[in-house]
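Worksheet: one structure, shown below.
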There are 2 protein chains.
Amino acid sequence: MARHPIPDADTAAADLLAACGLLIRRLRAESNNLELTWSQSAILSRLALAGPTSIADLARAESVKPQSMGASLAMLESDGLVERTPHPSDGRQFLFSLTAVGTEAHRRVRRSKQGWLASAMSELSDDERDDLARAAKVIARLADGDTRAS
Amino acid sequence: MARHPIPDADTAAADLLAACGLLIRRLRAESNNLELTWSQSAILSRLALAGPTSIADLARAESVKPQSMGASLAMLESDGLVERTPHPSDGRQFLFSLTAVGTEAHRRVRRSKQGWLASAMSELSDDERDDLARAAKVIARLADGDTRAS
DNA sequence: TATTGTTATACTCTATAACTATA
DNA sequence: TATAGTTATAGAGTATAACAATA
């Protein structure tokens, strides 16, 4: 029997999904008492990376419907974490960006949230950490729907 | 510059979390019209793997509170996908297991859900697929809170 | 026409709190 | 006392449907 056989595509997909699902739920439980939910964190992270973005673009990027993204943004806005400005040339759109408060909250939560995982990862072997780092890039590419190039 | 530098633990953790979160949301959107939700699938998968399990044990395994697991199980039970039997020796517990209908539903959904990811993964290189397969094992171990052995 | 955003409604998932029954 | 399960309540995330405004 081979040391590390490459499983067939279906099994590999199932394993990956189950593992990621578990990790997400585990982390959600670990960071249950933080000031931001998982989805809110994801939105702030994206705004931090991409700068001012419309509801529709955020919804597409996070794979949710515009109405759902609108609801999440409305909450973040009422909490003063994001703000909207009218789009300069398209009268329909609003561009959302982080406020100073939002930037700080994002930084704080990011630090605590990663704490648990980073600590867990610190007990892995170098090879395993390296695996994870490379896998993260591949997973992100898969999730973006772009499987064609590296 | 090294070919594949090992990022520091915090960055690696952040990348992995963001990637897994995106993948989960993407897959949830792709499989939105299926007969089971993500959480329901996870529960059925676990029952299929582990056999009859109590609410408390399921809750621990999936990192949710017993009340939340109880609510999810009540829905699955009323849909006829799982059934409960009293624990043979502990009068407090119930053991939940898949019904025939539940087993079939799980199989159907599993096939469709994995379809999208398996198809996306089929466009990866062999090395990348191998990375993902190994990473899935490591991630599952991290999520289980057991980082000590393989 | 197509896209952007909004409002209204409903369902699922999850949490906390308070309770009963059993170990 | 501690654990298992239940009931009640609430909030967040998501979806669909119907609508108005703009491109």
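Letters A, B, ... mirror the listed sequences (proteins, then strands); counts begin at 1.
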Proximity to the side chain of [X] - top-ranked nucleotide from [options]:
X: Ser72(A); options: dT14(C), dG13(D), dG5(C); result: dG13(D)
X: Arg92(B); options: dA23(C), dG13(D), dT16(D); result: dA23(C)
X: Val64(B); options: dA4(D), dG5(C), dT14(C); result: dT14(C)
X: Thr37(A); options: dA15(D), dA12(D), dG5(D); result: dA12(D)

Problem - Spatial distance of atom OG (Ser54(A)) from atom CZ (Phe94(A)) [nearest 0.5 Å] - result: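 Rounded to the nearest 0.5 Å, the OG-CZ separation comes out at 11.5 Å.
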Exercise for the section: Supply the atom-to-atom distance Thr37(B) OG1 to Ile43(B) CD1, rounded to the nearest 0.5 angstrom. Expected result: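 Answer rounded to 0.5 Å: 7.5 Å.
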Problem - Along DNA chain D (nearest heavy atom to each residue), the more 5'-positioned of Gln67(A) and Asp90(A) - result: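 Closest to the 5' end, via its nearest nucleotide, is Gln67(A).
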Practice task
Would you kindly compare Pro66(A) and Leu95(B) by the position of their nearest DNA chain D nucleotide and give the one closer to the 5′ end?
Solution key: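 Closer to the 5' end of DNA chain D: Leu95(B).
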Between [X] and [N], does any side-chain N or O lie under 4.0 Å from OP1 or OP2?
X: Arg84(B); N: dT6(D); value: yes
X: Arg60(B); N: dT3(D); value: no
X: Asn33(B); N: dT16(D); value: no
X: Ser39(B); N: dT12(C); value: no

Handout entry: pair Arg60(B)-Asp57(B): side-chain heavy atoms closer than 4.5 Å
Key =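 Counting from C-beta outward, Arg60(B) and Asp57(B) do come under 4.5 Å.
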I need the [atom1]-[atom2] distance between [X] and [N], as an integer number of Å.
X: Arg25(B); N: dA15(D); atom1: CZ; atom2: P; result: 11 Å
X: Leu76(B); N: dT12(C); atom1: CG; atom2: P; result: 11 Å
X: Glu77(A); N: dA12(D); atom1: CD; atom2: P; result: 16 Å
X: Leu34(A); N: dT14(C); atom1: CG; atom2: P; result: 17 Å
X: Glu35(A); N: dA12(D); atom1: CD; atom2: P; result: 14 Å
X: Leu36(A); N: dA12(D); atom1: CG; atom2: C1'; result: 13 Å
X: Lys65(A); N: dG13(D); atom1: NZ; atom2: P; result: 18 Å
X: His87(A); N: dA23(D); atom1: NE2; atom2: P; result: 10 Å

Problem - Within 6.0 angstrom of Arg25(B) CZ, more than 12 heavy atoms from elsewhere - result: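 Yes - once you tally the heavy atoms of other residues, nucleotides and ligands closer than 6.0 Å, there are more than 12.
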Problem - Basic-acidic side-chain contact under 4.0 Å: Arg141(B), Asp144(B) - result: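 Salt bridge: no.
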Practice task
Indicate, with a heavy-atom threshold strictly under 4.0 Å, whether Gly70(A) touches base, sugar-phosphate, or nothing.
Solution key: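 Nothing, no nucleic acid heavy atom in range.
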Practice task
With heavy atoms under 4.0 Å as the rule, sort Gln40(A) into base, sugar-phosphate or nothing.
Solution key: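 Sugar-phosphate contact only.
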Problem - Nearest-nucleotide comparison on DNA chain C, the residue closer to the 5′ end among Phe96(A) and Ser68(B) - result: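 Looking at the nearest nucleotide for each, Phe96(A) comes out on the 5' side.
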Exercise for the section: Grab the two heavy atoms, one from Met121(B) and one from Arg129(B), that are nearest each other, plus how far apart they are. Expected result: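 Reported closest heavy-atom pair: O-NH1, 2.9 Å.
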